[in-house]
Structures are given as C-alpha cells and as structure tokens.
*Asks:* 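Right, I'll just put the structure down here and ask away after.
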Amino acid sequence: MLAGSLTAACGKKAEGPRVVAHRGYWKAEGAAQNSIASLLAAGRIGAYGSEFDVNLTGDGNLVVNHDFTYHGLTIAETPLADLRCDTLRLSNGEIIPALDEYLEAAAQYPDLKLVFELKSKGDPDYEAAALPACVEAIRRHGVAGRVEFISFSLSACREFARLMPRNRVEYLGGDIAPAELHKAGITGIDYHFSVIDAHPEWVAEAHGLGMVVNVWTVNEEADIRRMLERGADHITTNEPELAQRLIAEFTADRRR
Ligand code: MG
C-alpha cells in the first residue's frame with residue numbers, strides 16, 4: 001500500500017523524512033533540469049525520489065520539461081519530432097527527453113520513486129488527452145509502483161486519484177486544507193514551505209488522515225531544518241545531498 005504508508009494509519013511505523021530531488025539532481029556534474037542525467041544522478045546518491053515535469057505535445061506525446069514552452073516553441077502546439085530536433089538542446093547537451101525515454105532510463109534505479117508532475121493550466125480538453133496518456137505510459141513501462149503524482153491542477157489530481165487509486169497523489173497549490181483534499185481522494189499535500197509556516201497545523205491534520213506532507217522547494221539549511229521540525233515527510237529540494245545530511249542529523253538527534 002503506497003498511500004498513507006508513512007503514518008500509523010495503516011499500522012506501519014513512520015519511515016522518517018525523505019529527500020526528493022527537484023527536477024532531478026540537476027546540480028550534479030553533466031546534468032540539467034529535467035534531464036535524464038539529473039534523474040540518474042538522483043538515483044546515484046540514493047534520493048528517495050526524483051521529481052520531473054511532464055507536458056503534452058501538439059501530437060499527443062509526452063515530454064519532460066518544466067515550462068509550457070521550449071526554445072520559444074509552445075509544447076502543446078508542437079509535434080514531438082520538432083521539439084526533439086538536433087539543433088534544440090538542454091544546457092547539458094541532451095535532447096529534450098520524451099517521457100518514454102525518461103521512464104526507460106528510470107529502470108536503472110528501481111528503488112527511486114518517480115515524482116511525476118503533470119503541467120496543466122486546468123484546461124479540460126488538455127487534461128482529457130494528457131492524463132490517459134500519462135497512465136498508459138506508466139503502465140507500459142511497468143513503473144506504476146514507483147510513481148507519486150503531483151500537480152497544481154486540482155482536477156488533474158482528482159483524476160489521477162480516480163485512475164490510479166493505489167498511487168499517492170499530492171496537490172501543489174497550497175490553498176486547500178488537507179481534510180478537504182482527502183474528501184476528493186487526494187492522498188497528500190505538496191506545498192511551498194511558506195504555506196507550512198503559515199499553517200503548521202496542516203501537518204498533523206494531514207498525518208491524522210494518513211496523508212503525506214511534501215514541501216517545496218527547500219534549499220537553505222535553516223529552512224530544511226525547520227521543515228523537519230514541523231514534521232514534513234518529504235523535502236523537495238535543489239540540494240538533495242545537503243538535505244540527506246540534515247535528515248541524518250535530525251534522525252540521529254531524535255534517537256538520542
Ligand atoms: Mg515540478
């Protein structure tokens with residue numbers, strides 16, 4: 001059981017806080033944000049998970065990229081082959097990864113969770129095309145047991161929870177209390193750390209419902225330490241090795 005496995009709700013002992021590399025471990029040598037190199041670097045350092053952003057192309061394919069545009073091209077209006085042309089490159093020289101290629105590479109680190117963000121402005125037609133394509137790709141690559149969905153689109157979160165009820169789904173928006181999300185079948189919050197500072201009570205509320213608390217994008221030592229004190233389960237960060245060290249210290253202190 002994935003959902004709620006961090007809490008006593010399903011009878012398991014808490015696993016302790018974990019690190020999610022934001023857009024992969026893109027600060028590693030030879031990597032770039034949302035590149036295959038950044039995914040593999042996250043696996044290499046033993047991160048709990050690697051986060052990445054997924055967009056639907058104009059011809060119904062999926063690519064890994066943060067923005068809705070790539071080198072000035074609107075991804076949703078551009079065929080995959082045009083985005084992957086030889087002259088357009090990421091900063092590390094890679095061609096923009098197709099989701100298929102990305103999930104294939106993920107097989108090299110089978111313990112690494114795939115924190116899958118669907119980029120969406122909430123357009124129903126876009127989501128009606130994108131979500132089934134995401135689910136189909138995940139199933140085809142046999143990685144369903146490793147995927148945790150995140151999105152700023154509440155409708156996409158609801159739909160992922162319906163289509164893949166065994167997978168964790170975390171809403172990113174920061175504007176809804178955990179109990180309300182829980183009613184919609186959403187199993188986690190993934191909020192900017194300032195939201196958790198403003199609503200520290202949401203951590204216990206989420207945990208009481210068996211939901212996971214993920215925080216983004218926590219890069220400074222003091223902020224990481226404070227989120228650990230507040231009870232965050234997952235620290236999404238551009239500094240995964242720093243977060244790993246601080247978690248080890250935090251966990252050792254708690255055992256004393
Ligand atoms: Mg993202």
Side-chain angles (χ1 to χ4, degrees), residues 2-3 20 23 33-34 39 49-85 88 95-106 113-178 180-191 211-212 214 216 236:
L2 290 172
V20 175
R23 304 179 195 170
Q33 295 190 5
N34 280 311
L39 168 74
S50 192
E51 188 263 0
F52 56 101
D53 304 292
V54 176
N55 273 275
L56 184 73
T57 67
D59 57 351
N61 288 293
L62 295 162
V63 285
V64 178
N65 194 66
H66 178 267
D67 294 343
F68 292 108
T69 58
Y70 180 66
H71 288 286
L73 300 167
T74 299
I75 293 174
E77 296 170 358
T78 308
L80 181 65
D82 291 359
L83 295 164
R84 284 173 59 79
C85 82
L88 304 181
I95 288 181
I96 188 173
L99 180 65
D100 278 328
E101 183 187 16
Y102 198 85
L103 295 181
E104 204 173 301
K113 299 289 187 198
L114 302 171
V115 182
F116 186 118
E117 178 175 356
L118 177 67
K119 303 309 282 191
S120 171
K121 295 172 181 166
D123 174 62
D125 291 339
Y126 176 90
E127 291 187 356
L131 270 90
C134 293
V135 169
E136 200 272 322
I138 288 164
R139 293 206 168 120
R140 185 157 29 84
H141 287 274
V143 294
R146 303 169 54 189
V147 168
E148 302 181 3
F149 293 105
I150 60 176
S151 189
F152 281 97
S153 164
L154 185 58
S155 52
C157 286
R158 278 204 208 96
E159 188 63 2
F160 276 130
R162 192 184 70 78
L163 292 169
M164 298 195 75
R166 296 173 60 166
N167 287 67
R168 195 175 268 156
V169 181
E170 302 161 18
Y171 173 61
L172 288 163
D175 56 341
I176 303 177
E180 200 175 322
L181 293 172
H182 188 257
K183 282 186 217 154
I186 293 162
T187 51
I189 54 172
D190 186 358
Y191 286 175
M211 297 169 74
V212 72
N214 192 343
W216 55 273
T236 298

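A quick note: this is a predicted structure, and the numbers were derived from the prediction, not measured. When a residue number appears, it is its place in the shown sequence, counting from 1.
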*Asks:* Going by the rule salt bridge (charged side-chain N to carboxylate O under 4.0 Å, His left out), which residues pair with Glu104 if we only count those two or more places apart in sequence or in a different chain?
*Replies:* none

*Asks:* Minimum heavy-atom separation for Phe68 and Lys119, please, with both atom names.
*Replies:* CE2-CB, 3.8 Å

*Asks:* Between the main-chain N or O of Leu118 and the side-chain N or O of Ser151, is there a donor-acceptor pair closer than 3.5 Å?
*Replies:* yes

*Asks:* Search all heavy atoms of Leu73 against all heavy atoms of Asp82 and return the closest pair with its distance.
*Replies:* CD1-O, 4.4 Å

*Asks:* List the residues meeting side chain to side chain donor-acceptor pair (under 3.5 Å) with His182, not counting sequence neighbours, and say none if there are none.
*Replies:* none

*Asks:* Can you name the closest pair of heavy atoms from Cys134 and Leu62 and give their distance?
*Replies:* N-CD1, 3.6 Å

*Asks:* I'd like to check the side chain to side chain donor-acceptor pair (under 3.5 Å) partners of Asp175; sequence neighbours left out, ordered by chain and number.
*Replies:* Tyr171

*Asks:* Atom CG in Leu131, atom SG in Cys157: separation rounded to 0.5 Å?
*Replies:* 9.5 Å

*Asks:* Checking the side chain of Asn167 only, and the main-chain atoms of Ala144 only, is there a donor and an acceptor separated by less than 3.5 Å?
*Replies:* yes

*Asks:* Who are the side chain to side chain donor-acceptor pair (under 3.5 Å) partners of Glu77, not counting sequence neighbours?
*Replies:* none

*Asks:* Would you check, one step at a time, whether the test side chain to side chain contact (heavy atoms under 4.5 Å, CB included) holds for Val115 with Phe52?
*Replies:* CA-CA 6 Å; Val115 182; Phe52 56 101; 5.8 Å; no

*Asks:* Checking Phe160 now: which residues fulfil ring pair (Phe, Tyr, Trp, His ring centres under 6.0 Å) with it, not counting sequence neighbours?
*Replies:* Phe149

*Asks:* Would you check, one step at a time, whether the test side chain to side chain contact (heavy atoms under 4.5 Å, CB included) holds for Leu99 with Phe116?
*Replies:* CA-CA 10 Å; Leu99 180 65; Phe116 186 118; 3.9 Å; yes

*Asks:* Can you name the side chain to side chain donor-acceptor pair (under 3.5 Å) partners of Thr236, sequence neighbours left out?
*Replies:* Asn214

*Asks:* Check step by step if side chain to side chain contact (heavy atoms under 4.5 Å, CB included) holds for Ile176 and Leu154.
*Replies:* CA-CA 10 Å; Ile176 303 177; Leu154 185 58; 3.7 Å; yes

*Asks:* Please round to the nearest 0.5 Å and tell me the distance separating atom CE of Met211 and atom CD1 of Ile189.
*Replies:* 6.5 Å

*Asks:* Tyr102 side chain to Leu39 main-chain N or O, any donor-acceptor pair under 3.5 Å?
*Replies:* no

*Asks:* Quick one: side-chain hydrogen bond (donor to acceptor under 3.5 Å, both in side chains) pairs with a partner in residues 51-61, sequence neighbours left out?
*Replies:* Asn34-Asp53, Thr57-Asp59, Asp59-Asn61

*Asks:* Between Ile95 and Leu83, is there a side-chain heavy-atom distance shorter than 4.5 Å?
*Replies:* no

*Asks:* Keeping the roles fixed (side chain from Asp67, backbone from Thr69), state whether a donor-acceptor pair exists under 3.5 Å.
*Replies:* no

*Asks:* Listed by chain and number, what are the side-chain contact (heavy atoms from CB on, under 4.5 Å) partners of Ala129, not counting sequence neighbours?
*Replies:* Leu56

*Asks:* Would you say Val54 and Val63 make side-chain contact, with heavy atoms under 4.5 Å?
*Replies:* no

*Asks:* Scan residues 120-137 for pairs that pass salt bridge (Lys or Arg N to Asp or Glu O under 4.0 Å), counting only residues two or more places apart or in two chains.
*Replies:* Glu136-Arg140

*Asks:* According to ring pair (Phe, Tyr, Trp, His ring centres under 6.0 Å), who are the partners of Phe152, at least two apart in sequence or on a separate chain?
*Replies:* Trp216

*Asks:* Going by the rule salt bridge (charged side-chain N to carboxylate O under 4.0 Å, His left out), which residues pair with Glu159 if we only count those two or more places apart in sequence or in a different chain?
*Replies:* Arg162

*Asks:* Taking salt bridge (charged side-chain N to carboxylate O under 4.0 Å, His left out) as the definition, give me every residue that meets it alongside Arg158, ordered by chain and number, with sequence neighbours left out.
*Replies:* none

*Asks:* Check whether any side-chain heavy atom of Val135 lies under 4.5 Å from a side-chain heavy atom of Met164, and answer yes or no.
*Replies:* yes

*Asks:* So, does Thr74 use its side chain to make a donor-acceptor pair with the main chain of Ala76 at under 3.5 Å?
*Replies:* no

*Asks:* For residues Glu170 and Thr187, determine if any side-chain heavy atom of one lies less than 4.5 Å from a side-chain heavy atom of the other.
*Replies:* no

*Asks:* Ignoring hydrogens, what is the shortest heavy-atom contact between Ser153 and Ala156? Give both atom names and the distance.
*Replies:* OG-N, 3.0 Å

*Asks:* Arg146 versus His141: any side-chain heavy-atom pair under 4.5 Å?
*Replies:* no

